[in-house]
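Hydrogens, waters and symmetry mates are skipped; everything else that's a heavy atom, side chains included, is used. Naming: A, B, ... by sequence-line order, numbering from 1 per chain.
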2 protein chains.
Amino acid sequence: MKIEDAAARLEALGNPTRLRIYRALVRAGRAGMPVGRLQGKLKIPASTLSHHIKTLVSVDLVTQVRDSTTLVCHAQYANMQGLVDFLVEECCADETCAEQQ
Amino acid sequence: MKIEDAAARLEALGNPTRLRIYRALVRAGRAGMPVGRLQGKLKIPASTLSHHIKTLVSVDLVTQVRDSTTLVCHAQYANMQGLVDFLVEECCADETCAEQQ
DNA sequence: ATTATATTTCTAGAATATTCGAATTACAGA
DNA sequence: TCTGTAATTCGAATATTCTAGAAATATAAT
C-alpha cells in the first residue's frame, strides 16, 4: 500500500463519528447495515451521515449495495486488514522493528 | 482505549506528512531522530515540521527529549500498538469477528 | 400517476487545518 | 555577554472539513 493511500484511510477513520460508523458496520458482520439503521443507532442527521459514509466509501473501507429502497453498507474487512498490515510493517508497533529495517 | 482517543490518533496519522514523520521515527529506532534531521530528510520548512510534530506529540504517538540544543523525537511504539490493538479488536479486520461479538 | 419511504445532493455558514515567513526562545561555546 | 545553531511560537493567508436543513433523486407499492 502506498503511504498516501494509508494516510487517506487513516484520515477517514480519524473522526469519531466515522469510526463509530465503521465499527457498527463491522459488528453488523457479513449482512451489513442499511443507512437508515445506522442513523437510528448513531442519532445523527441523514445528510451528515450520508456525507461521512461517502468519505468511508471513497477510501474503500465501506461499500454500498442497494436493496430496493434501502442502501446496505458493508465494512471492507480486507482493506482494513491492509491498513493494519501497513501500520505493523511500515510504522510498526513493535520496538524491535527498527533493527529489522 | 476510548474511541475518541483512537480517532484522535488515527487523525494524527491521517496526514501524509505526519505519517512520513512517524515512519521515519520508527525507522530511527530506539535512538530517535532530532527535529533537524527530520527536516533534512523530509524537506519541509521548520515551522511546518514543528507544527506536525506537535500534533503527533499531543496524541502521545511521539515524545521529545532535549539533548542540549537539539530536540530528539521518539516514536511511542506502545501507543501505536494500542491503536493497532483497538482496530483489530473493535473494528476488526478479520471478517469472522462479527460472530464473536 | 400518485404517494410514501430511503437516501443523496445542494448549499452555506462555522469551525478547523495547513502552510510558512518572521520573530522569538533555548542552549552552549568562545 | 556575544554569537551561532536548533527549534518553537506567532501571525496571517488559504484551504478544507463539518454540520445540517432544504431540495432532489431513487425505488416500490397502491
Side-chain angles (χ1 to χ4, degrees), chain A residues 3-25 28 31-76, chain B residues 3-25 28 31-76:
Chain A
I3 196 167
E4 277 79 14
D5 296 335
R9 280 180 189 163
L10 290 165
E11 185 184 33
L13 293 171
N15 170 284
T17 301
R18 284 195 296 269
L19 193 51
R20 280 194 189 88
I21 292 169
Y22 187 83
R23 186 174 61 173
L25 293 179
M33 190 183 287
V35 174
R37 216 162 101 223
L38 270 173
Q39 197 188 344
K41 247 180 134 54
L42 303 177
K43 315 280 185 199
I44 49 181
S47 61
T48 303
L49 176 60
S50 184
H51 166 75
H52 283 306
I53 292 174
K54 199 163 78 170
T55 300
L56 290 167
V57 168
S58 75
V59 297
D60 299 317
L61 282 170
V62 168
T63 55
Q64 291 179 298
V65 175
R66 182 170 284 280
D67 177 12
S68 79
T69 58
T70 72
L71 263 180
V72 182
C73 304
H74 299 268
Q76 289 304 104
Chain B
I3 196 165
E4 278 78 14
D5 296 335
R9 281 180 188 162
L10 290 165
E11 185 183 33
L13 293 171
N15 170 285
T17 301
R18 284 194 297 268
L19 192 51
R20 281 195 188 87
I21 291 169
Y22 187 82
R23 186 175 60 172
L25 292 179
M33 191 183 286
V35 174
R37 216 161 102 221
L38 270 174
Q39 198 189 343
K41 247 180 135 52
L42 302 177
K43 314 283 185 197
I44 50 180
S47 61
T48 303
L49 176 60
S50 184
H51 166 75
H52 283 306
I53 292 174
K54 198 164 80 171
T55 301
L56 289 167
V57 168
S58 76
V59 296
D60 298 318
L61 282 170
V62 167
T63 55
Q64 292 179 297
V65 176
R66 183 170 283 279
D67 176 12
S68 77
T69 57
T70 72
L71 261 180
V72 182
C73 304
H74 299 268
Q76 289 305 103

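Within residues 8-15 of chain B, no residue approaches DNA chain D, by heavy-atom distance under 4.0 Å. Interface residues of residues 33-48 of chain A facing DNA chain D, ordered by number: A:P45, A:S47, A:T48; criterion, heavy-atom separation under 4.0 Å. A heavy atom lying under 4.0 Å from DNA chain D marks the following residues of residues 53-62 of chain B, by number: B:K54.
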For nucleotides 25-30 of chain D, give me every protein contact, N/O to N/O, under 3.5 Å, one pair per line with atom names.
none

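For residues 4-16 of chain B, the pairs satisfying side-chain hydrogen bond (donor to acceptor under 3.5 Å, both in side chains) are A:R20-B:E4, with sequence neighbours left out.
Contact detail for B:A12 and B:V59: the closest heavy-atom pair is CB-CG2, 3.6 Å. The minimum heavy-atom distance between B:Q64 and B:C73, with the atom names listed, is NE2-SG, 3.6 Å.
Within 4.0 Å (heavy atoms only), B:H51 reaches at least one base atom of the nucleic acid. Across all strands, A:S50 comes closer than 4.0 Å to base atoms (heavy-atom distances).
Taking the 5' to 3' direction, DNA chain C first and last meets chain A under 4.0 angstrom from a heavy atom at C:dA6 to C:dT9.
When the side-chain contact (heavy atoms from CB on, under 4.5 Å) test is applied to B:A7, the partners found at least two apart in sequence or on another chain are A:P16, A:L19. Listed by chain and number, the residues in a side-chain contact (heavy atoms from CB on, under 4.5 Å) with A:Q76 are A:T63, A:H74, A:N79 (sequence neighbours excluded).
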Extract all donor-acceptor atom pairs below 3.5 Å that involve side chains of residues 34-57 of chain B and protein atoms in other chains or at least two apart in sequence.
residue: B:K43; atom: NZ; partner: B:G40; partner atom: O; Å: 3.2
residue: B:H52; atom: ND1; partner: B:R18; partner atom: NH1; Å: 3.1
residue: B:T55; atom: OG1; partner: B:H51; partner atom: O; Å: 3.3

